[in-house]
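Here is the structure we will look at, set down as structure tokens.
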Amino acid sequence: MLFLGCHLSSADGFLRMGETALQIGANTFAFFTRNPRGGKAKEIDPADAAALRDLCRDHDFGPLVAHAPYTLNPCSDKERVREFARLCMREDLERMEHLPGNFYNFHPGSHVGQGRAQGIRLIVELLNDIIRPDQSTIVLLETMAGKGSEIGGSFEELKTIIDQVRYPDRIGVCMDSCHVSDAGYDIIGDLDGVLEEFDRIIGLDKLHALHVNDSKNPPGSRKDRHAPVGGGEIGEKAIMEFVHHPRLAGLPCVLETPNDLEGYAREIALLRSE
Ligand code: FE
Ligand code: FE
Ligand code: ZN
């Protein structure tokens with residue numbers, strides 16, 4: 001089963017996202033748990049969450065991939081900024097229990113000059129503060145483009161974090177095609193080799209979700225600017241191979257391309273056509 005979808009707005013509630021997903025041919029989706037810039041989270045309506053759970057079950061949806069606000073910096077040099085990330089993420093994980101058994105994806109953050117070792121130490125500390133052994137959500141570190149002082153531009157860095165998380169079965173990875181290409185992994189010419197490397201360093205059993213994006217920039221550029229499928233440097237063929245790779249079968253695939261709903265419907269149909 002190919003689980004394919006896109007990022008949807010949560011402004012009109014949970015059920016509405018499920019209905020929109022059905023309209024555009026999606027059977028998974030991603031959403032921000034709150035304002036993407038990290039504002040206060042809306043109160044969850046338990047009936048609305050239950051209605052989405054029913055819809056997902058009735059239509060054989062794959063797991064959903066919630067996204068933490070992208071402005072959080074879990075490894076900032078400022079205590080106040082780290083504390084805000086901790087509060088948001090802890091609360092988001094509590095809220096995710098209304099939609100049990102899904103994923104919660106976040107950007108590891110930027111060490112802003114403190115050095116990679118310190119950045120990683122702060123990320124681990126935060127994760128060990130907020131992850132509880134009894135939560136049903138698996139937290140996913142996103143592979144990053146490595147721009148500026150971003151942590152997570154290499155598989156080794158992600159592995160170092162994962163190894164220090166207290167509850168290892170509650171942590172995993174979400175691989176973003178734009179980001180890994182920008183980080184210098186050759187998913188265009190040698191996807192097999194990249195997955196082999198991921199398997200050797202982290203283990204493919206830790207890979208739980210994919211972000212499917214073309215890139216405005218060539219491999220290794222460390223930029224992180226998404227392009228529509230086929231409208232960037234990765235190209236339609238390589239993206240098709242990414243989505244349909246046998247070693248990635250069954251993982252939820254989420255488009256984060258610059259698009260309106262019609263554009264997403266077209267990309268979903270294209271990627272399903274093989
Ligand atoms: Fe992301
Ligand atoms: Fe992404
Ligand atoms: Zn990105």
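Remember, it's 1-based here, ligands and their atoms both numbered in the order they're listed.
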Shell of protein N/O/S atoms around the Zn ion (ligand 3), taken as anything under 2.8 Å: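 Metal shell, protein only: H179 NE2, D224 OD1, H226 NE2.
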Of L64, T137, L251, L140, the residue whose pairing with F103 passes side-chain contact (heavy atoms from CB on, under 4.5 Å):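 Option passing the side-chain contact (heavy atoms from CB on, under 4.5 Å) with F103: L140.
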[X]/[Y] ion pair, N-O < 4.0 Å:
X    : Y    : answer
R116 : E157 : yes
K223 : D182 : no
E156 : K159 : no

N/O/S atom of H67 inside 2.8 Å of the Fe ion (ligand 1), strictly under: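 An N, O or S atom of H67 is closer than 2.8 Å to the Fe ion (ligand 1), so yes.
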Neighbour count above 12 (heavy atom, 6.0 Å) for R86 CZ: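 Result for CZ/R86: enclosed.
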Of all N/O/S atoms in E256, the name of the one nearest the Fe ion (ligand 2):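 It is OE1, the N, O or S atom of E256 closest to the Fe ion (ligand 2).
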Atom of D176 closest to the Fe ion (ligand 2), considering N, O or S atoms: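 Per the distance ranking, D176 contributes OD2 as its closest N/O/S atom to the Fe ion (ligand 2).
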Atom of E142 nearest the Fe ion (ligand 1) (restricted to N/O/S, atom name only):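 So the atom name we want here is OE1.
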Ring centre gap for H226 and H179 strictly below 6.0 Å: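 Under 6.0 Å, so yes.
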H7 ring center near F32 ring center (under 6.0 Å):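 So the answer is yes for these two rings.
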H211 backbone or side-chain N/O/S under 2.8 Å from the Fe ion (ligand 2):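 A backbone or side-chain N, O or S atom of H211 is under 2.8 Å from the Fe ion (ligand 2).
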Trace of the ring-ring contact (aromatic ring centres under 6.0 Å, His included) decision for Y70 with F106: CA-CA 7 Å; Y70 51 73; F106 79 108; over 10 Å; no
